[in-house]
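All remarks here apply to the structure that follows.
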Protein chains: 2
Amino acid sequence: MTTRSSTDAARVIPEATVARLPVYLRALTALADNGIRTCSSEDLATAAGVNSAKLRKDLSYLGSYGTRGVGYDVDYLRYQIAREIGVTQDWPVVIVGIGNLGHALANYSGFRSRGFRVVALLDADESVVGQSVAGVVVRPFRDLEEIVREHDVAIGVIATPAVAAQDVADRMVAIGITSILNFAPAVVAVPEGVDVRKVDLSIELQILAYHEQRKANGADAAAAVAVETGGGAA
Amino acid sequence: MTTRSSTDAARVIPEATVARLPVYLRALTALADNGIRTCSSEDLATAAGVNSAKLRKDLSYLGSYGTRGVGYDVDYLRYQIAREIGVTQDWPVVIVGIGNLGHALANYSGFRSRGFRVVALLDADESVVGQSVAGVVVRPFRDLEEIVREHDVAIGVIATPAVAAQDVADRMVAIGITSILNFAPAVVAVPEGVDVRKVDLSIELQILAYHEQRKANGADAAAAVAVETGGGAA
DNA sequence: CCCATTTTGTTCTCGCGTTCACAAACTCCT
DNA sequence: AGGAGTTTGTGAACGCGAGAACAAAATGGG
Ligand SMILES: NC(=O)c1ccc[n+]([C@@H]2O[C@H](COP(=O)([O-])OP(=O)(O)OC[C@H]3O[C@@H](n4cnc5c(N)ncnc54)[C@H](O)[C@@H]3O)[C@@H](O)[C@H]2O)c1
Ligand SMILES: NC(=O)c1ccc[n+]([C@@H]2O[C@H](COP(=O)([O-])OP(=O)(O)OC[C@H]3O[C@@H](n4cnc5c(N)ncnc54)[C@H](O)[C@@H]3O)[C@@H](O)[C@H]2O)c1
């Protein structure tokens, strides 16, 4: 009824699983680097920091790539996960906003090794444009459309101040970018069909602070109770 | 029965809600900056990028800080959320690994304005130690204990290469740090009672790549079907 | 060749989070 | 004062994800 290959029939991978596949991929790469050719779900789960039942369930959404009684072939599974995620070829990426963070991102070697290729660095500030960062010359933001068309870019990274984030996102969307990674602490609205993921340092720290405060309060309360009951640990 | 204040009686805030409180806090700050003194759950939900039912339910875990028929007082709610998260005072933070990313973090002004204060920058590389970054002199990693004791630091940030992450984390935990924000692409194991949060650029990009690939495949499949059925949209 | 052992793939159950829908509570206008 | 109009706070239904538990499949030894 369609020309689809049998491998993608009705496969809907849960979002929670999709978010873990890259972790498994990284763990498998680490195992391979250590010369390990086969591993059990237990081994891989430990390396990835999850429990083995969850790991097996996640992998089962991709297909049956293990061998019962044996485990998984590291290289084979690695390839299958990479194929599923879509990082067997490199994705071209543009970074907009070459300030403190943009510089760090441009210098990040992990991009290339994990399925991405920075094809351009863009900034609106004329004093930044023309600088060479990590061997790439920063180009003016207005060149975005030309670059996106030339390299068929689908993924854009926003590393501008928060006030500029929505404008940059709007421009990206208008030009045809359909996936955005946003480092600016701002909610960006995009039309249906465009994915936005947010990386927010302050939020992460504030979540830690919340739990830290609870730990302190809990300790206080426990101490208070201990005093009241006259109880003392051994 | 205890000396606890009435405000923390049996309040267990769901983790998903905790993760959104910082977003609400930021949205409220933005509203306040625009001179808005009161807002409805609908307004705030829009600013925070969530739906209003979820927002109200989240806020209800903190208490009843709104007024029916009116909405929320922006400053009052902002204070209540900040108090709940624990960012009414600043948390001292140390950053370990002053490379590309560490530099960007050290220069990030958003720390200070959101409840955190960088008390030290640390690195194991002697050629980095002594450099002044964002007005702070980088100190040798071995000074960690002294600094943590002096400033009563509970939160540490890891921005070292992946291979060093576990060692750094172990050292932090040994010294008494109980919350870690890890930027290195590595799973770090910590004892119970220590919180670790991970920020991983590559994982975020790979998740985007997965959906991007699906969009492409979906379009292909739709096109294939269109061809097969002889169907053509207007 | 058969059986014990290992390890996967899957089913089932439980709990959490999201969303809907509405009663309660407040304001403002007449 | 009373009623119309708003908006909050929450009870209930639903769906998804986590984890336990087990059947199916492969290996290797006797
Ligand atoms: N530095 C960090 O470690 C860090 C951490 C977390 C979040 N962030 C966030 O990341 C973003 C960037 O941070 P930063 O420290 O690099 O800021 P920055 O001010 O150093 O750099 C921002 C860059 O964006 C450029 N820019 C501004 N408006 C633009 C536009 N409309 N189009 C294109 N480029 C534009 C500026 O010219 C500048 O070069 C900010 O939103 C910040 O809140 C930074
Ligand atoms: N640069 C980025 O934009 C980026 C993005 C995502 C993730 N990361 C990750 O963040 C981490 C840092 O990235 P980077 O580009 O800044 O790397 P980098 O190599 O520039 O900096 C790492 C720093 O850590 C120091 N270091 C190494 N071992 C240490 C130890 N045991 N104790 C203390 N300090 C030590 C090094 O001296 C160096 O200064 C890496 O794990 C990287 O994968 C970086």
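The basis for the numbers below is simple: all heavy atoms, side chains too, and nothing from hydrogens, waters or symmetry mates. Keep in mind the model is a prediction, meaning the values are calculated, not measured. Proteins come first, then strands; the chains are lettered A, B, ... in the order of their sequence lines, and each starts at number 1.
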>> Without decimals, in angstroms, what is the distance between B:Glu15 CD and D:dC16 C1'?
In response: 18 Å
> Quick one: do A:Arg78 and A:Asp73 make a salt bridge, cutoff under 4.0 Å?
Replying inline: no
> Is any N or O donor-acceptor pair between the side chain of A:Lys57 and the base of D:dG19 shorter than 3.5 Å?
Replying inline: yes
> Could you give the CG-to-P distance, from B:Leu59 to C:dT18, as a whole number of Å?
Replying inline: 14 Å
> Atom CG of A:Leu55 to atom P of D:dG17: distance rounded to whole Å?
Replying inline: 17 Å
> Quick one: which of D:dA20, C:dA25, C:dT27 gets closest to the side chain of B:Arg68?
Replying inline: C:dA25
> Cut-off 3.5 Å, side chains only: do B:Ser41 and B:Arg56 have a donor facing an acceptor?
Replying inline: yes
>> Using OP1 and OP2 only, check whether a side-chain N or O of B:Tyr61 sits under 4.0 Å from C:dC16.
In response: no
> What nucleotide among C:dT8, D:dA20, C:dT18 has an atom nearest to a side-chain atom of B:Arg20?
Replying inline: C:dT18
>> Can you measure A:Leu77 atom CG to C:dG9 atom C1' for me and round it to whole angstrom units?
In response: 14 Å
> Can a side chain N or O of B:Asn51 be found less than 4.0 Å away from OP1 or OP2 on C:dT19?
Replying inline: yes
>> Could you tell me how far apart B:Arg56 (CZ) and C:dC22 (C1') are, to the nearest whole angstrom?
In response: 11 Å
>> Please compare A:Lys54 and B:Ser64 by the position of their nearest nucleotide in DNA chain D and report the one closer to 5'.
In response: B:Ser64
> Please give, in whole Å, the distance from D:dT6 P to B:Tyr72 OH?
Replying inline: 18 Å
> Checking A:Asp75 side chain against A:Tyr79 main chain: does a donor-acceptor pair fall under 3.5 Å?
Replying inline: no
>> Please report the interatomic distance OG(A:Ser179) to CE(A:Met172), rounded to the nearest 0.5 Å.
In response: 11.0 Å
>> Between A:Thr17 and A:Ile13 (side chain of the first, backbone of the second, donor and acceptor by atom type, cut-off under 3.5 Å), is there such a pair?
In response: no
> To the nearest Å, how far apart are B:Leu44 CG and D:dT6 C1'?
Replying inline: 17 Å
> Rounding to a whole Å, what distance do you find between A:Tyr65:OH and C:dG9:C1'?
Replying inline: 14 Å
